[in-house]
Amino acid sequence: MAQPTLTLSSALSDLSTARVRAHRDSNEIVRKGLFVLEQKNGLKALGGDIWDFLEQLTIAALDIGQVELADDCIARLEVQFPKSPRVDVLRGMRIEAKDLGLALEYYEHTLENDETNAAIWKRLIAVLRQQNKTERCVKELVTFLDTFYSDLEGWLELADLYASLNLYTRSLQALSHALLLAPQNPFHALRFAETAYTANDIPLALCYYLRTIELIDSEEDGKETGRRAWFGVKLCTSHLSRTPNLPSESNTPPVQGKNLSALEVLATERLSSAYSSTANTKQDGKVPGRKEVLKWLGQ
């Protein structure tokens, strides 16, 4: 399908939307960003957004390996903001594209001069993870979060690091901080539930699968998250039905008796409905995985 004709107005609008929503479709950002640069009054039309635009275009260019474009954007930003911490980050990302070791040295040196630069600290942590220096990465991230407790992405990253090391209890502890910072986010609750299930704390997992379902605003918006949560409820209730006295490291009391049976029936009904022949389908009229799921459900 041919792409719609690009205009300066539409390009600026799309790029602005991508910045506001933190979208990172780097190929599209570069395509539209180059279009803006090629227009006679492209940069002038940006007004006060020109610097945010150049920062956005730099990151997108580095993502897809267009380092010359990134260099041009960084040079423009350096002229306007020679001592900006945000420009320091872009310089570091440009070095990353060339040599991770040099980038790590750059970030360490920058932090020696300004240890409050959270963005630089996060880039240092990202480089450590890319280099598989997991022990130091965890140490740096824990120290970072002691200083910048409200950094939600940091807690999620720490949880992921612990999970990669099979330290699920610590992963759950990190996720509990994420839930404190974003208590209404169903995906974080789902991640907590799935981590608890992996840690074999089935009562705790069931509690947070149900919490995930409770947090979903609408069936349409949270369809995939809700479906995963109902799968979790089904797995947990089946597990507890077979082994009702499962130990819980978190001391979460297990659901028992009629309530457990009712939850298992409800989970079966919701999943059957989600994979029914009348559910939202692809163009071929088939629900992906329908046969396998219904067989698993015993239908």
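Everything quoted here is computed from the prediction, not taken from an experiment. Heads up: numbering here begins at 1 and tracks the sequence.
Here the closest heavy-atom approach between residue Ala61 and residue Ala70 is recorded as CB-N, 3.9 Å. Between Ala103 and Gly92, the shortest heavy-atom contact is CB-O, 4.1 Å. Of all the heavy atoms in Ile29 and His23, the pair that sits closest is CD1-O, 3.9 Å. The minimum heavy-atom distance linking Leu111 with Ile120 is given by the pair CG-CG2, 3.6 Å. Closest approach of Ser248 and Pro203 over heavy atoms only: CB-CG, 4.0 Å. Residues Thr212 and Ala189 approach most closely at OG1-C, 3.3 Å, considering heavy atoms.
The side chain to side chain contact (heavy atoms under 4.5 Å, CB included) search around Asp160 returns Arg129, Arg191, not counting sequence neighbours. Contacts of Glu249 classified as side chain to side chain donor-acceptor pair (under 3.5 Å), with partners at least two apart in sequence or in another chain: Thr169.
The hydrophobic clustering, which links ILVMFWY residues whose side-chain heavy atoms are closer than 4.5 Å, places Leu90 and Trp121 together. Hydrophobic clustering of Ile, Leu, Val, Met, Phe, Trp and Tyr side chains at less than 4.5 Å, counting indirect connections, unites Leu263 with Leu246. Residues Leu77 and Leu69 share a single hydrophobic cluster, defined by chaining ILVMFWY side chains whose heavy atoms lie under 4.5 Å apart. With hydrophobic clusters built from ILVMFWY side chains whose heavy atoms lie under 4.5 angstrom apart, Leu204 does not share a cluster with Leu215. Cluster annotation: Val265 and Leu240 are assigned to distinct hydrophobic clusters (Ile/Leu/Val/Met/Phe/Trp/Tyr, side-chain heavy-atom contacts under 4.5 Å, transitive).
Glu108 has a carboxylate O that lies under 4.0 Å from a charged side-chain N of Arg136, or vice versa, which qualifies the two as a salt bridge. In this structure, Lys122 does not pair ionically with Glu157, as no charged nitrogen and carboxylate oxygen lie closer than 4.0 Å.
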Scan the side chains in residues 11-22 for donor-acceptor partners under 3.5 Å anywhere in the protein, sequence neighbours excluded, and list what turns up.
unit_1	atom_1	unit_2	atom_2	d
Asp14	OD2	Lys32	NZ	3.0
Thr17	OG1	Ser13	O	3.0
Arg19	NH1	Gln56	OE1	2.9

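Under the 30°/60° scheme for interplanar angles, the aromatic rings of Phe192 and Tyr208 are found to be tilted.
A side-chain donor-acceptor contact under 3.5 Å links Thr198 to the backbone of Glu194. A donor-acceptor pair under 3.5 Å links the side-chain atoms of Thr58 to the main chain of Leu54, judged by distance alone. In this structure, the side chain of Ser171 does not engage the main chain of Tyr168 through any donor-acceptor pair within 3.5 Å.
Residue Glu115 qualifies as open at atom CD: its count of foreign heavy atoms under 6.0 Å is 12 or below. Dense packing is recorded around CZ of Arg211, with more than 12 heavy atoms of other residues, nucleotides or ligands lying under 6.0 Å away.
Two rings, from Trp155 and Tyr149, have their centers less than 6.0 Å apart.
Taking 4.5 Å as the limit, some side-chain heavy atom of Leu37 sits within range of a side-chain heavy atom of Phe53. Annotation: side chain of Pro85 is not in contact with side chain of Val89 (no heavy-atom distance under 4.5 Å). Trp296 has its side chain within reach of Lys234: a pair of non-hydrogen atoms, C-beta onward, lies under 4.5 Å apart.
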With side-chain contact (heavy atoms from CB on, under 4.5 Å) as the test, would you mind laying out the steps for Tyr197 and His239 before giving the verdict?
CA-CA 11 Å; Tyr197 187 87; His239 207 142; 4.2 Å; yes

Checking Glu96 against Tyr107 for the side-chain contact (heavy atoms from CB on, under 4.5 Å) test, could you report, in this order, the C-alpha distance in whole Å, the side-chain angles of both residues, the deciding distance, and whether it holds?
CA-CA 10 Å; Glu96 285 181 47; Tyr107 291 138; 2.5 Å; yes

For His188 and Leu156, run side-chain contact (heavy atoms from CB on, under 4.5 Å): C-alpha distance rounded to whole Å, both residues' side-chain angles, the deciding distance at 0.1 Å, then the answer.
CA-CA 9 Å; His188 299 334; Leu156 296 173; 3.5 Å; yes

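Of the residues Arg76, Arg91, Arg94, Lys98, the one that meets the salt bridge (Lys or Arg N to Asp or Glu O under 4.0 Å) test with Asp71 is Arg94.
Between the side chains of Tyr275 and Glu292, not a single donor N or O lies within less than 3.5 Å of an accepting N or O. Side chains of Ser250 and Thr252: a donor-acceptor N/O pair is present below 3.5 angstrom, by distance only.
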